2 protein chains.
Amino acid sequence: MSAPVAKVAREGAEGGSRRLILDTAARLLRSGGYHQTTLREIAEAVGIRKASLYYHFASKEEIVEEVVNDGVRFVHEAVVAALAEHAAASPHARLEAAIRAHLTALHGHGDYTSASIKVFTFGAMPVPDSVRQVRRAYGEVWRGLIAELQQAGAIAPERSPEALRLFLLGALNGSTDWYRPGRFDIAELAQEFAALIAQAG
Amino acid sequence: MSAPVAKVAREGAEGGSRRLILDTAARLLRSGGYHQTTLREIAEAVGIRKASLYYHFASKEEIVEEVVNDGVRFVHEAVVAALAEHAAASPHARLEAAIRAHLTALHGHGDYTSASIKVFTFGAMPVPDSVRQVRRAYGEVWRGLIAELQQAGAIAPERSPEALRLFLLGALNGSTDWYRPGRFDIAELAQEFAALIAQAG
DNA sequence: TTTCACCTACCGTCCGTTAGGTAGGCTAAT
DNA sequence: ATTAGCCTACCTAACGGACGGTAGGTGAAA
């Protein structure tokens, strides 16, 4: 059958396998979604037997949950950092920075964040509480930013902030369907999108 | 290596089962996506045995393909009809009408169109040529409308029409994730979204 | 008598998951 | 310095069940 060689042993200190499994799962979930991604696939890509996954995780759902939450948290932190970096900029510039950070995290860093959207958007299966919570926290960042923009006059006061938020996040996350590294430039896209929904200032 | 029978059957007469199967498949695909929706589920919901599905369709993929194409075609026709109805209106009003028609087809008529997005967005597996073709045709409608808006001055000439189109369609289709009949009004959403991306005229 | 629309029964494959075993390293008592 | 015991990180093998799909039969209608 298979040669059990693979005498690695001295791998990265401790817990290295866990991260490797998550990285691999993220990559596969990104392109295949929840049901198409199997534990056999993950195990094979990692280089271990599928049963060994159960040493590190209790179930498939636990793996997916961790990937999804990591992904959302990564985007969250990227956007918060971008806003902090542009704290003194104009509202329009802050919006553009936030959009750029979101898109960069989504497409640049990649697997975890894209997997997160693919798995969640595709719906299905009871969404764990932890996932809902992490996503809600990220939503708050945008709620705050939009309120700020509206207060500053960069967005007309009669626009519904909730509709705008859902519209914008939907459009940004939808970019996973059409964005390709060579064909678009993230900075340009961010500029385009920011120009659409807020007046320059 | 070709299908032995081109079974068109009597379309008008007694093709009730076929439609019923498609309706049911659309409903299940809408909420479950491709892999979670099984032939057993469909058959049980229809009230027949699973093997009987193969009297009407050659494979699962054939069922899904037909549902998806019907869905996109329905939205396509709804938007084209709305644009024809508002042929004499202002560019902004035409955009709003098109958005309203898209959202109405998506959420009002429902299952086929939502299933179409769910299955396609979720990506995966080789997308049949027919599906790609039907979607491309619909994309052309929006390309034309955006060009028209830009030419009329309702959209700034420096905006990238392709980025705008992808942004808008992504946002509209993303509404399947958050739209709930009671909590939002489609006409109001269309007004909001149109106001975001084109100047009133 | 042929065709239609469905049936029962079954196929091989793959799924997530579990049980139980083992090589190698660390720790602590002998 | 040896060794017993434990822990880690994997392994092989198998489980029941669900998957899409096929073979062949049946009663009613045409």
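Here is the naming used below: chain letters follow the sequence lines, and residue numbers restart at 1 for every chain. Note that this is a predicted model, so its numbers are computed, not measured.
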Tell me whether [X] is salt-bridged to [Y], with the criterion being a basic N under 4.0 Å from an acidic carboxylate O.
{"X": "Arg143(A)", "Y": "Glu162(A)", "result": "yes"}
{"X": "Arg100(B)", "Y": "Glu96(B)", "result": "yes"}
{"X": "Asp111(A)", "Y": "Arg27(A)", "result": "no"}

Short side-chain N/O contact from Ser52(B) to OP1 or OP2 of dA5(C), under 4.0 Å: no

Under-4.0 Å side-chain N/O to phosphate OP1/OP2 contact, Tyr55(B) with dC6(C): no

Footprint string (nucleotides 13-20 of chain C, 5' to 3'): B base within contact, S backbone only, - free, heavy atoms under 4.0 Å: --BBBBB-

Atom-to-atom span, [atom1] of [X] to [atom2] of [N] - whole angstrom:
{"X": "Arg49(B)", "N": "dG20(D)", "atom1": "CZ", "atom2": "P", "result": "17 Å"}
{"X": "Ile48(B)", "N": "dC4(C)", "atom1": "CD1", "atom2": "C1'", "result": "14 Å"}
{"X": "Leu53(B)", "N": "dA23(D)", "atom1": "CG", "atom2": "C1'", "result": "17 Å"}
{"X": "His56(B)", "N": "dC7(C)", "atom1": "NE2", "atom2": "C1'", "result": "12 Å"}

Option from Val75(A), Val67(A), Thr176(A), Thr104(A) for which side-chain contact (heavy atoms from CB on, under 4.5 Å) with Thr113(A) holds: Val75(A)

Mutual orientation of the aromatic rings belonging to His76(B) and Tyr138(B) [parallel < 30°, tilted 30-60°, perpendicular > 60°]: tilted

Option among His86(A), Glu148(A), Glu85(A) that satisfies the side chain to side chain donor-acceptor pair (under 3.5 Å) test with Arg94(A): Glu148(A)

